[in-house]
A.B. asks: 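Below: one structure in structure tokens.
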Amino acid sequence: QVQLVESGGGSVQAGGSLRLSCAASGVNYFSVYACMGWFRQAPGNERERVAVIAGDGSTAYADSVKGRFTISKDNAKVTLYLQMERLKPEDTAMYYCAAGFRTPLSCRSSTSENEFLYWGQGTQVTVSS
């Protein structure tokens, strides 16, 4: 049974930092075709892709977070991370961890949430001005 469990959300002031974690189990995390990512959804908005990391370690980011957010994974802990720096009020959203399987190129290039098979329950991030 696949489980993705997020943690690390919270409330911070603009300019602050947070690190989100996603503990994965039951998924072939180490496959070169493993594609793991973070999405977010603010009230009234569609869910959007924030960052992904492909099975070969390559990454891709939404333009709105480039240079501020870093996605990484710890293979020993089977955990995905999202380090968020210089947070802005517009980063306020529910953040979701997701996992799917496709080539690294497809993982980086596709922004569709439909490409992901498994989802966590979400963790709330609130940034105040």
Side-chain angles (χ1 to χ4, degrees):
Q1 182 178 357
V2 175
Q3 273 197 315
L4 302 174
V5 180
E6 303 100 331
S7 61
S11 298
V12 296
Q13 289 193 325
S17 302
L18 281 174
R19 187 176 80 159
L20 306 183
S21 300
C22 173
S25 61
V27 62
N28 191 356
Y29 181 89
F30 302 100
S31 168
V32 70
Y33 297 108
C35 178
M36 302 197 68
W38 290 96
F39 283 72
R40 67 185 180 187
Q41 187 169 22
N45 290 356
E46 293 186 353
R47 191 153 53 182
E48 64 170 345
R49 191 189 79 169
V50 175
V52 292
I53 184 165
D56 65 355
S58 57
T59 59
Y61 297 89
D63 288 342
S64 59
V65 307
K66 279 180 183 176
R68 299 188 299 121
F69 290 11
T70 303
I71 189 170
S72 63
K73 59 182 183 178
D74 185 326
N75 288 343
K77 297 181 179 179
V78 198
T79 299
L80 181 72
Y81 299 103
L82 185 69
Q83 180 67 42
M84 305 185 292
E85 307 282 351
R86 302 194 305 280
L87 282 160
K88 304 175 181 180
E90 51 263 45
D91 294 319
T92 295
M94 185 71 78
Y95 283 71
Y96 298 91
C97 172
F101 298 95
R102 51 190 188 279
T103 66
L105 177 60
S106 177
C107 177
R108 294 192 306 273
S109 61
S110 174
T111 60
S112 172
E113 64 178 279
N114 296 326
E115 301 281 355
F116 289 84
L117 299 173
Y118 307 107
W119 293 85
Q121 82 287 353
T123 186
Q124 178 68 37
V125 172
T126 302
V127 184
S128 58
S129 58

A.B. asks: Considering only residues two or more places apart or on different chains, which pairs with a residue in residues 77-89 satisfy salt bridge (Lys or Arg N to Asp or Glu O under 4.0 Å)?
C.D. replies: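 Counting only pairs at least two positions apart or across chains, no salt bridge (Lys or Arg N to Asp or Glu O under 4.0 Å) contact touches residues 77-89.
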A.B. asks: Provide the closest heavy-atom pair for S17 versus Q83 in the form atom of the first, atom of the second, distance.
C.D. replies: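 Taking every non-hydrogen atom into account, CB-NE2, 4.2 Å.
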A.B. asks: Verify the cluster assignment for V2 and V52: are they in a single hydrophobic cluster under the rule of side-chain heavy atoms below 4.5 Å apart?
C.D. replies: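 Unlinked, V2 and V52 end up in two clusters.
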A.B. asks: Quick check: do V125 and T92 have side-chain heavy atoms less than 4.5 Å from each other?
C.D. replies: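 No. Closest side-chain heavy atoms not under 4.5 Å.
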A.B. asks: Is F39 reachable from L82 through a run of hydrophobic residues whose side-chain heavy atoms are each under 4.5 Å from the next?
C.D. replies: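 Result: no, two separate clusters.
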A.B. asks: When clusters are formed by joining ILVMFWY residues with side-chain heavy atoms under 4.5 Å apart, either directly or through shared neighbours, do V78 and F101 land in the same one?
C.D. replies: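 Yes, one cluster joins them.
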A.B. asks: To the nearest 0.5 Å, what is the distance between SG (C107) and CZ (R102)?
C.D. replies: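 Going from SG on C107 over to CZ on R102, the span is 5.0 Å.
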A.B. asks: With a cut-off of under 6.0 Å to the ring centre and 45° to the axis, is R19 in cation-pi contact with Y81?
C.D. replies: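 Output yes; distance and angle both within limits.
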A.B. asks: Does any pair with a residue in residues 27-40 pass salt bridge (Lys or Arg N to Asp or Glu O under 4.0 Å), and if so which ones, sequence neighbours excluded?
C.D. replies: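 Every salt bridge (Lys or Arg N to Asp or Glu O under 4.0 Å) pair that includes a residue of residues 27-40, provided the two are not neighbours, is R40-E48, R40-D91.
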A.B. asks: Give the C-alpha distance, both sets of side-chain angles, the deciding distance and a yes or no for side chain to side chain contact (heavy atoms under 4.5 Å, CB included) between M84 and Y95.
C.D. replies: CA-CA 12 Å; M84 305 185 292; Y95 283 71; 3.9 Å; yes
A.B. asks: If hydrophobic clusters are built by linking Ile, Leu, Val, Met, Phe, Trp and Tyr wherever their side-chain heavy atoms come under 4.5 Å apart, do M36 and L117 end up in the same one?
C.D. replies: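 Yes: a chain of side-chain contacts under 4.5 Å links M36 to L117.
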A.B. asks: Mind running ring pair (Phe, Tyr, Trp, His ring centres under 6.0 Å) on F69 and W38 for me, showing each step along the way?
C.D. replies: CA-CA 11 Å; F69 290 11; W38 290 96; over 10 Å; no
A.B. asks: Distance check, rounded to the nearest 0.5 Å: S112 atom OG versus R47 atom CZ?
C.D. replies: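 Going from OG on S112 over to CZ on R47, the span is 10.5 Å.
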A.B. asks: Identify the two heavy atoms, one from S129 and one from A14, that lie closest to each other, and give their separation to 0.1 Å.
C.D. replies: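 Nearest heavy atoms, S129 then A14: CA-CB, 4.3 Å.
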A.B. asks: Please lay out, stage by stage, how C35 and F116 fare under the test side chain to side chain contact (heavy atoms under 4.5 Å, CB included).
C.D. replies: CA-CA 8 Å; C35 178; F116 289 84; 3.8 Å; yes
A.B. asks: Taking a hydrophobic cluster as the set of Ile, Leu, Val, Met, Phe, Trp and Tyr residues connected by side-chain heavy atoms closer than 4.5 Å, whether directly or through intermediates, do Y118 and F30 fall within one such cluster?
C.D. replies: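 Per the 4.5 Å side-chain linkage, Y118 and F30 are co-clustered.
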A.B. asks: Just do the side chain to side chain contact (heavy atoms under 4.5 Å, CB included) check on T123 and L20 with the steps written out, would you?
C.D. replies: CA-CA 8 Å; T123 186; L20 306 183; 4.0 Å; yes
A.B. asks: Between A93 and A42, what is the shortest heavy-atom contact and its length?
C.D. replies: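 Closest approach of A93 to A42: CB-N, 3.8 Å.
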A.B. asks: Rounded to the nearest 0.5 Å, how far does CD of E6 lie from CD of Q124?
C.D. replies: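 The CD atom of E6 is 12.0 Å from CD of Q124, to the nearest 0.5 Å.
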A.B. asks: Nearest 0.5 Å please: distance from the CG atom of L80 over to the CD1 atom of I71.
C.D. replies: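 One finds 4.5 Å between CG of L80 and CD1 of I71.
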A.B. asks: With rounding to the nearest 0.5 Å, note down the distance linking CG in L4 to OG in S25.
C.D. replies: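 Going from the CG atom of L4 to the OG atom of S25 covers 7.5 Å.
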A.B. asks: Is it true that a side-chain atom of Q13 and a backbone atom of S128 form a donor plus acceptor pair closer than 3.5 Å?
C.D. replies: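 A pair under 3.5 Å: no.
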A.B. asks: Measure the CH2-OH distance between W119 and Y96 for me, rounded to the nearest 0.5 Å.
C.D. replies: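 It comes to 9.0 Å.
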A.B. asks: Might you point out which heavy atoms bring T79 and S21 nearest each other, and give the distance in Å?
C.D. replies: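 Looks like CG2-CB, 4.2 Å.
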A.B. asks: Decide whether a cation-pi geometry holds between R108 and Y61; the criteria are a distance under 6.0 Å from NZ or CZ to the six-membered ring centre and an angle within 45° of the ring axis.
C.D. replies: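 No, cation not above the ring by the 6.0 Å, 45° rule.
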